[in-house]
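Working notes, beginning with the structure itself.
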Amino acid sequence: MVATIAAGTTAQYYSRQSEYYLGGGEPAGRWISSTNNFGVEHGAEIDNTLFERLHACLDTDGQPLLSNSGGTKKRVGGIDLTLSAPKSVSVAYALASDETRRAIEKAQHEACEATIAFLERNAAFCRRGKNGHRLERATLTVASFQHGEARPVEHDDGKVYADPNLHSHAILLNFSLREDGTVGALDARHLFAHKMAAGSLYHLAFSSNLKKIGFEIGEIGKNGIFEIVAPENNAEQKEQARKFRDLQHHWSGRRREVEQAIAAEGLSTAEAPALAAAIALGTRSSKTEERTIDRFELWASEAGRFLTVDRFVESMRTYREIDPARREEIIAERVAAIPGELTEHESVFEKRHLYAAVASCLVGTGVDAARVEVEVERLIETGVVVELGRDALQQAVYSTPEQIAIERELVSLTERLAREHRPAPDPDYVLRLCRERGLSEEQTRAAQAATSSAAIGAIEGAAGSGKTHLLASVVAAHIDAGRRVIFAATAWKIALEGQALGIESRAIDSWLAQTTQPFLDSNTVLIVDEAGLLSSRQMHAIVSKAVQAGARLLCVGERRQLLPIGGGSGLSIVASVTDTARVETIVRQRQRWMREAITDFANGRAEAGLQAFDERGCLTFAAGEKAAVRALVDAWEKTQTVVTNPNVLLIAKTNAQIRAVNDEVRARLKRVGLIGGIEIAIPAVTPSGHGQTLEFAVGDRVRFLVRHDGLGVINGTTATITDIENAATLDPIIRVSVDGRLASFRVSDLADEHGRARLGHAYSTTIYGAQGLTTDQAFVWADPAMTRHDAYVAFSRARDHVGIYADSRQCEAQARLDLPLSERRGAKISAETRLSWLAARLSRVQVKTSTLDPALELAGRTPDRIREHDRSRSYDRG
């Protein structure tokens with residue numbers, strides 16, 4: 001983590017850490033202040049006495065500075081913002097000449113100052129008035145401490161010493177002088193909300209400062225994280241650059257040390273990244289040690305095993321400024337792409353997201369950090385992004401004219417359909433069908449609404465409420481009335497569920513891609529299943545086609561289940577305009593207690609839901625990630641016979657977790673001989689587009705991640721490998737059985753643009769992959785990253801049994817992170833606290849806000865370009 005922020009320290013905590021912050025051979029700390037209030041002088045060295053007094057929020061007479069302290073014993077004295085240089089920079093700092101080292105330190109400190117200045121301008125507030133409803137601008141008083149190393153660790157060669165780790169601790173003291181002369185505490189919510197933006201700005205400021213002293217910036221990643229890179233203009237330079245990267249890896253021993261510290265406290269090594277800051281801050285008193293050699297001499301000696309140290313860093317300072325005009329072209333192109341990138345997944349965004357995106361895209365250009373706010377204001381002033389209103393933290397919320405136009409027009413088109421009528425089946429016939437098929441009163445009312453004359457309708461219902469069952473009556477009624485009925489869903493796998501209704505079924509994108517002839521006409525009824533997964537853009541495309549064709553549209557879904565990946569919730573917008581029938585009674589789960597527990601998860605009462613599963617032995621906390629995976633697969637293994645039982649689902653949230661579960665399942669199947677023979681390793685890709693290497697052998701269950709008409713498979717089709725030919729070649733032939741049908745393909749037949757096979761193991765599925773499925777039994781890896789929507793979908797898949805498995809060490813470790821820094825180390829987390837903490841995580845609701853949210857009415861002026869955009873996208877109503 002390059003930038004972290006943590007609710008800070010009590011005065012007692014500081015007292016234990018003062019030696020670390022103010023001693024130990026590191027440079028003296030320096031004050032950062034735009035006002036020089038409270039006896040602080042910007043840039044001056046930090047005096048221990050003054051720092052300790054201000055950290056305790058006391059004036060010169062030892063009295064509280066705060067006008068209303070509100071319980072000083074629980075008060076947080078400071079907020080710790082840690083800004084860490086990339087590993088390549090720390091290594092260069094360790095090996096550089098004195099002159100270059102001072103330049104790197106100056107670059108780091110100035111980047112820290114730029115980050116503090118950014119936070120002061122955009123995220124520093126005090127709260128005033130009743131319940132703190134009014135925000136007042138605040139200034140920051142910051143104690144900055146630079147450190148050049150981590151704690152000593154044992155390396156692969158057995159030597160124990162501290163790796164280079166250049167970083168700065170910026171202690172934001174928790175008070176500010178207000179306009180009326182009183183002193184108030186900071187409203188830390190805004191500082192925490194701006195963590196990503198602050199990290200991006202730090203990366204930009206630091207990278208630009210490093211370019212000024214000649215370093216080349218490369219390997220720019222998410223949030224603007226970067227590395228400095230060595231020149232590779234010839235074979236010798238390429239070899240030195242490789243060795244430089246090897247040295248960076250060698251000097252990453254801090255991670256191993258953190259893992260050992262976590263293990264010593266009974267925690268999971270999987271949480272090392274998240275816990276690094278807490279462990280580091282909780283054990284700093286042991287950092288100082290007797291030195292027999294200067295640390296820079298030590299580092300130079302150790303680095304000699306990897307590369308020619310003498311003037312290596314100086315040889316890296318080869319950067320030359322590019323043509324200013326070309327740089328501006330690059331900046332313009334990158335900034336112009338940001339609004340579209342931000343609305344790709346969300347309809348609305350906050351200014352902090354704009355800051356983070358702009359700062360990240362500017363990394364490597366060499367511009368100063370101040371350019372970020374200039375570019376953001378330019379986006380706003382030119383109307384490329386538009387302010388909609390204010391959020392709960394009174395921060396501005398934005399969108400783009402295009403997104404606003406799409407969602408406005410979606411409302412307009414839906415309203416038009418809602419006013420129109422289509423020929424409808426005979427109501428008495430519909431009622432008879434429902435009774436013959438055994439529909440409940442609730443399901444019958446929904447079926448009647450779906451067969452009325454309205455041109456658009458929506459059915460929402462709880463997971464497992466029998467929506468597919470009632471659709472059978474709806475489909476039959478329309479077909480018997482002479483209508484053509486077709487079925488669609490976002491995913492092919494769900495779309496093909498419509499085939500059970502006896503109608504043509506496709507993925508939505510496949511329907512929309514038809515160009516030879518329209519797929520809708522005035523005699524067509526289009527049923528869109530899992531409509532809650534449609535973004536505003538996707539729903540706009542579907543509704544537009546229905547309007548143009550004079551077709552009837554029925555949307556079926558549930559907003560409480562998983563949300564769209566794209567921006568906005570199309571179903572929410574449609575449901576706000578048209579009548580919606582609801583089906584609430586769950587019929588999937590055969591046991592009453594399971595139905596009630598699933599309802600609890602749906603309504604955010606996860607603690608009640610977890611307790612219900614726990615009381616019946618269906619909730620297992622295992623000590624560590626590997627143990628949780630083993631326990632989950634143990635339960636799965638008990639359900640298996642000679643062949644893999646298809647009526648059992650293994651469910652996890654992330655692709656990494658799916659990989660861990662699949663690997664464990666494959667290991668079990670190998671042991672019993674269900675997988676065997678020659679095994680091939682091929683470059684593959686996850687459903688989200690990340691590369692990985694997977695092994696395949698005869699007997700493996702595989703999942704196709706792309707449609708291939710030649711094989712007769714779609715994205716999500718599963719198969720069993722029956723044979724592998726030419727296994728030793730780069731492009732082996734794999735033979736499979738697909739639902740009893742034999743097929744074969746070369747690995748290259750499924751390759752993406754990077755040559756990676758779009759093929760995976762089919763032993764487990766993500767939560768997104770599980771939505772819409774029904775099974776007899778399901779075993780779920782419950783991860784704290786899951787939201788209410790994830791939990792509701794994952795735990796509602798099975799009719800008979802759901803086993804929930806969680807990593808107790810992960811839950812306890814992250815529960816500790818919710819405590820102040822001074823209370824984390826040694827805190828005991830009880831079983832009850834652990835369950836309650838996990839339940840709180842599983843109760844979090846994720847909202848897809850649209851530009852039409854009543855709380856976000858367009859603020860002030862509406863740029864003419866929005867109205868022009870509306871007109872340009874309007875359809876001929878004639």
Side-chain angles (χ1 to χ4, degrees), residues 2-3 5 32-35 42 81 83 107 109-125 135-140 142 170 172 176 186-187 190-209 211-212 220 223-226 324 327-328 330-343 348-391 393-400 859-861 863:
V2 177
I5 187 168
I32 299 175
S33 172
S34 62
T35 62
H42 177 75
L81 174 67
L83 301 171
H109 183 72
E110 289 179 352
C112 183
E113 287 186 323
T115 304
I116 297 301
F118 167 79
L119 288 173
E120 185 169 86
R121 289 191 298 270
N122 297 286
F125 298 97
L135 295 180
E136 183 176 305
R137 287 283 179 184
T139 57
L140 299 176
V142 180
L172 285 59
S176 179
L186 298 174
D187 184 350
H190 302 274
L191 294 166
F192 279 84
H194 279 74
K195 182 187 78 169
M196 296 297 290
S200 296
L201 190 123
Y202 164 73
H203 301 144
L204 170 61
F206 196 21
S207 67
S208 295
N209 291 344
K211 287 176 80 77
K212 290 175 184 176
I220 301 170
N223 209 39
I225 293 175
F226 68 92
R327 181 175 69 178
E328 290 303 315
I330 293 172
I331 291 173
E333 291 171 1
R334 293 180 181 179
V335 173
I338 286 174
E341 292 169 354
L342 289 176
T343 53
V348 300
F349 48 85
E350 298 172 36
K351 205 168 189 178
R352 61 191 173 97
H353 299 127
L354 267 176
Y355 286 139
V358 170
S360 296
C361 87
L362 294 179
V363 171
T365 64
V367 298
D368 291 337
R371 182 69 177 267
V372 172
E373 285 153 295
V374 172
E375 294 297 338
V376 167
E377 293 307 315
R378 182 177 294 144
L379 288 171
I380 295 170
E381 290 171 3
T382 57
V384 177
V385 298
V386 179
E387 181 178 339
L388 299 174
R390 301 274 162 169
D391 65 7
L393 291 181
Q394 302 179 37
Q395 297 296 298
V397 176
Y398 300 85
S399 190
T400 64
R861 67 195 187 290

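The analysis underlying the following values was restricted to heavy atoms, covering all of them including side chains, and did not include hydrogens, waters or symmetry mates. These figures come from a predicted structure and were not determined experimentally.
Here the closest non-hydrogen pair linking Ala198 and Phe118 is N-CE2, 4.1 Å. Of all non-hydrogen atoms in Asn209 and Ala111, the two that sit nearest each other are ND2-N, 3.7 Å. When all heavy atoms of Ser176 and Leu186 are compared, the pair lying nearest together is CB-CD2, 4.0 Å. Across all non-hydrogen atoms, the minimal contact from Ala114 to Leu201 is O-CD2, 3.5 Å. Across every non-hydrogen atom of Asn223 and Gly199, the tightest pair is ND2-C, 4.1 Å.
A donor-acceptor pair under 3.5 Å links the side-chain atoms of Arg137 to the main chain of Arg121, judged by distance alone. In terms of modelled atom types and a separation under 3.5 Å, the side chain of His203 and the main chain of Val363 share no donor-acceptor contact. Between the side chain of Ser208 and the backbone N or O of Ala205 there is no donor-acceptor pair closer than 3.5 Å. Between the side chain of Ser207 and the backbone N or O of Leu204 there is at least one donor-acceptor pair closer than 3.5 Å. His194 contributes no side-chain N or O that, together with a main-chain N or O of Leu191, makes up a donor-acceptor pair within less than 3.5 Å. With hydrogens and angles disregarded, no donor-acceptor distance shorter than 3.5 Å links the side chain of Lys211 to the backbone of Thr365.
Counting only N and O atoms by type, the side chains of Glu113 and His42 include a donor and acceptor under 3.5 Å apart. A donor atom on one side chain and an acceptor atom on the other are found under 3.5 Å apart for Ser34 and Glu120.
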Practice item. Go through the steps to decide whether Ile331 and Leu362 satisfy the test side chain to side chain contact (heavy atoms under 4.5 Å, CB included), and finish with yes or no. Key: CA-CA 7 Å; Ile331 291 173; Leu362 294 179; 3.6 Å; yes

Practice item. Go through Arg327 and Val367 one step at a time and tell me if the side chain to side chain contact (heavy atoms under 4.5 Å, CB included) criterion holds. Key: CA-CA 9 Å; Arg327 181 175 69 178; Val367 298; 4.2 Å; yes

Practice item. Show the numbers, then the answer: is there a salt bridge (Lys or Arg N to Asp or Glu O under 4.0 Å) between Arg371 and Glu328? Key: CA-CA 12 Å; Arg371 182 69 177 267; Glu328 290 303 315; 2.7 Å; yes

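Annotation: side chain of Glu387 is not in contact with side chain of Val397 (no heavy-atom distance under 4.5 Å).
By the side chain to side chain contact (heavy atoms under 4.5 Å, CB included) test, Glu377 is found to be paired with Lys351, Tyr355, Ile380, Glu381, residues two or more places apart in sequence or in another chain being considered. Qualifying side chain to side chain contact (heavy atoms under 4.5 Å, CB included) partners for Glu136, counting only residues two or more places apart in sequence or in other chains: Arg128, Arg134, Arg178, Glu179. For Ala170, the side chain to side chain contact (heavy atoms under 4.5 Å, CB included) partners two or more places apart in sequence, or in a different chain, are Leu81, Cys112, Ile116, Val142, Leu172.
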